[in-house]
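Presented below is the structure to which this report refers.
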Amino acid sequence: MPHISRATRPAVRSAAVSTVVATALAAGLLAVSSSSASAADVRVHDIQGTTRLSPLVGQQVTDVTGIVTGVRTYGSKGFWIQDPKADADPATSEGVFVYTGSAALTVKAGDAVRVSGTVGEYVPGGESSGNQSLTQVTKPTVTVESSGNALPAPVTVNAKSVPSAYAPTGDPAAGGSINALPLKPRSYALDLYESLEGMNVRVGTSRVVGATDPYAELWVTVKPHENPNRRGGTVYESYDDQNTGRLQIQQLAPVSERPFPKANVGDALSGGAEGPLDFNRFGGYTLVARTLGEVKDKGLVREKTRRQAKGELAVATYNVENLDPGDPQTKFDALAAAVVSNLASPDILTLEEIQDDNGAKNDGTVSAEATLKKFADAIVAAGGPRYEWRSIAPENNKDGGQPGGNIRNVFLFNPERVSFTDRGDGDATTGTDVVRSSGGRAALTLSPGRIDPANTAWANSRKPLAGEFTFRGRSVIVVANHFGSKGGDEGLTSRHQPPVRSSEVKRLRQAQAVNSFVRDVRKVQKSADVVVVGDVNDFEFSATTAALEEGGALKSAVKSLPRSERYSYVYQGNSQVLDQILTSPGVGNGFAYDSVHINAEFAEQNSDHDPQVLRFRP
């Protein structure tokens, strides 16, 4: 799952509104009515209202009073104010963001101010993102009444205050939107966070559940007992259990002034954090810390799997994140060291995201021989075997990923332990079929060969690569996959509940194609050993996995692990499954499966995925 680039928020746009709820959402940022409300009538909680959309959207407000609780001088520039005299309604926030854009920032925390401007609703990422909107005051005029005032006391967010239910179900009449629903902060976590939007919020000492990323942010949980795993993360176990205690942490100070702390999963943010509660497109509700505690290193160690026994075949999969010869030698060396040391030099290693010989340079190059040689050499230098490889170069820019990068699936194999059956001259557009060999076993017409490459399910996506291997006289068919990404899906904090997972449609069709291929193998040889591996880009409880398993053709091996151990990726503080290995009934149940945690939980990563290893006796 690729990261989305953090772009500076675009300038606020306006659109005419006739009804607050329906029209506001259609525009993404709403507000141009020329009506105004008097200072005597309007307080911050009146702007925020009791739903996700301001009842004053589009109106001019005058002399709204509050104390400045934080100033942001980068990205979406502006400041937060909070009314120290709260009303009695827990659904109405007492804080709001004042968006200044390119205008000079002349206030500081502790200033008592009067603000006049236009009330708007800004949707981070735009209307099509499905995100909730951020209530704000735009085009402000600001008067500082006094300085050095005490800040409003922070609202502490903790395990007791955050409800166990994540979000209400959206209104079917509004396309599943929750925007018009009255907030119930004692019932739903998202409603609680929305009722605190813009307010001064605090979390105490908390466990880190999402490592520091390149954008100076991390994730903590205020619920230490919510779906924990032994390494300190919080496991995403189902669509109905989103882990309500997760909260993103950023800081108000630019990193040029104060470096953001590096933290791994399981570390502790000692002293917690305090600052305004924001909403952004890259994680939803975010505590933008004015004061930030220290990270206490809890000593998380990168895992090492055991070496396969003499009679065990070890099959592994690893997404190496757009590897090409232009990457630093240090990346090749680190990935190679992981193959040798952490993965114990598996017999067969499928790779995802191997780029062509000049990476993302978009000049028609499709060969990846230089990439693979450089990687194979690095593995030897790290003390590993001299792997051989098999792959099929894609058509230029037909398999998705970075334009010009031409990522593809690749087999590496150790010829001292396993042999590859080369058969036919497979190419990017010709699919392999299954036939019965003279010995009565299932055989591929093309090995390596692509599975059903003309199927529209694979449009602008990596085609599965199938190959025959022989281990100790036993034939094994391995299928390497990299299904379509989750790009385009709505986030868990979407205004639609449940969120729309539009990308799942494509993966479902891809899973059906692979399942059909495995069934064809089993029609020829019911006891065939088939191993389907790769970055499936979906959860073990997803419709995609169910489609792969349909009819008993395959079984997801990660389900053999305890629920708390099922993850290969960490996204927004959720430890979750994206990479999988599935086995046919011929493989049996006597396998050993390991999700080897060496990347996803760490601030320093060689890839954002953890590799997977399956060991069995064919």
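Since we're looking at a predicted model, the values are computed, not measured.
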Write down the atom of [X], the atom of [Y], and the distance for their closest heavy-atom approach.
X      : Y      : value
Ala338 : Ile598 : CB-CD1, 3.8 Å
Pro346 : Leu349 : CG-CB, 4.2 Å
Phe483 : Val536 : CB-O, 3.3 Å
Arg231 : Val301 : NH2-O, 2.9 Å
Val265 : Gly232 : CG1-C, 3.6 Å
Asp489 : Arg501 : OD1-C, 3.4 Å

Show the numbers, then the answer: is there a salt bridge (charged side-chain N to carboxylate O under 4.0 Å, His left out) between Lys331 and Asp324? CA-CA 10 Å; Lys331 178 174 181 177; Asp324 75 82; over 6 Å; no
Can you tell me if [X] and [Y] form a side-chain donor-acceptor pair at under 3.5 Å?
X      : Y      : result
Gln248 : Thr286 : yes
Asp240 : Ser238 : no
Asn229 : Ser564 : no
Glu490 : Ser129 : no
Asn243 : Asn574 : yes
Tyr318 : Asn599 : yes
Glu540 : Gln580 : no
Lys506 : Ser461 : no
Asn358 : Asp363 : yes
Asn397 : Asn362 : yes
Thr305 : Arg615 : yes
Asn481 : Asp535 : no

- request: May I ask you to decide if the ring planes of Phe541 and Tyr236 are parallel, tilted or perpendicular, using 30° and 60° as cut-offs?
  value: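 Correct class here is perpendicular.
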Please confirm whether the backbone N or O of [Y] pairs with a side-chain atom of [X], one donor and one acceptor, at under 3.5 Å?
X      : Y      : result
Asn342 : Glu303 : yes
Asp357 : Ala370 : yes
Thr371 : Gln355 : yes
Asn264 : Ala211 : no
Thr583 : Val531 : no
Arg408 : Ile354 : yes
Arg246 : Gln242 : yes
Arg390 : Val410 : no
Lys296 : Ala268 : no

To the nearest 0.5 angstrom, please state how far the [atom1] atom of [X] sits from the [atom2] atom of [Y].
X      : Y      : atom1 : atom2 : value
Leu444 : Asp422 : CG    : CG    : 11.5 Å
Asp356 : Ile407 : CG    : CD1   : 10.5 Å
Ser595 : Leu614 : OG    : CG    : 12.5 Å
Trp219 : Arg207 : CH2   : CZ    : 14.5 Å
Leu548 : Leu554 : CG    : CG    : 6.5 Å
Asp377 : Lys374 : CG    : NZ    : 10.0 Å

Give the intermediate values and the outcome of side chain to side chain contact (heavy atoms under 4.5 Å, CB included) for residues Leu218 and Phe260. CA-CA 9 Å; Leu218 56 80; Phe260 192 75; 3.8 Å; yes
Quiz item: How far apart are the C-alpha atoms of Asp427 and Thr430, what are their side-chain angles, what is the distance that settles it, and do they pass the side-chain hydrogen bond (donor to acceptor under 3.5 Å, both in side chains) test?
Solution: CA-CA 6 Å; Asp427 58 33; Thr430 306; 2.7 Å; yes
Show me the donor-acceptor pairs within less than 3.5 Å that the side chains of residues 469-480 make with the rest of the protein, sequence neighbours left out.
| from | atom 1 | to | atom 2 | distance (Å) |
| --- | --- | --- | --- | --- |
| Arg474 | NE | Asp529 | OD2 | 3.0 |
| Arg474 | NH2 | Ser527 | O | 3.2 |

Are there more than 12 heavy atoms of other residues, nucleotides or ligands under 6.0 Å from atom [atom1] of [X]?
X      : atom1 : result
Lys262 : NZ    : no
Glu294 : CD    : no
Glu604 : CD    : no
Lys559 : NZ    : yes

- [ ] Let me see the working for Gln308 and Arg617 under side chain to side chain contact (heavy atoms under 4.5 Å, CB included), right down to the final yes or no.
- [x] CA-CA 10 Å; Gln308 62 272 30; Arg617 296 178 182 271; over 6 Å; no
Check your understanding: Salt bridge or not for Glu565 and Arg230, using N-O below 4.0 Å?
Key ->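 Yes, charged N to carboxylate O under 4.0 Å.
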Would Arg423 and Glu468 pass as an ion pair if we require N to O under 4.0 Å?
yes
Original post:
Thr456 and Arg509: side-chain hydrogen bond (donor to acceptor under 3.5 Å, both in side chains), yes or no, with the steps?
Top reply: CA-CA 9 Å; Thr456 55; Arg509 293 182 59 212; 2.6 Å; yes
Phe539 six-ring face occupied by Lys486 cation (under 6.0 Å, within 45°):
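Satisfied, under 6.0 Å and within 45°.
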**Asked** Between Glu312 and Arg306, is a salt bridge (charged side-chain N to carboxylate O under 4.0 Å, His left out) present by the stated rule, with each step listed?
**Response** CA-CA 12 Å; Glu312 285 182 311; Arg306 69 167 174 83; 2.9 Å; yes
* Asked: Quick one: which of Leu351, Leu465, Thr317, Ile392 gives a side chain to side chain contact (heavy atoms under 4.5 Å, CB included) with Asn409?
  ->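 Exactly one candidate clears the test, Leu465.
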Exactly one candidate in Val220, Thr212, Val208 meets side chain to side chain contact (heavy atoms under 4.5 Å, CB included) with Ile249; the answer is Val220
Working note: Asp579 + Asn319, criterion side-chain hydrogen bond (donor to acceptor under 3.5 Å, both in side chains); need CA distance, chi angles, decisive distance, verdict. CA-CA 8 Å; Asp579 309 84; Asn319 183 322; 5.2 Å; no
Worksheet entry | From Arg507, Gln510, Gln576, residue fulfilling side-chain hydrogen bond (donor to acceptor under 3.5 Å, both in side chains) relative to Asp538 |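 The single option meeting the side-chain hydrogen bond (donor to acceptor under 3.5 Å, both in side chains) with Asp538 is Arg507.
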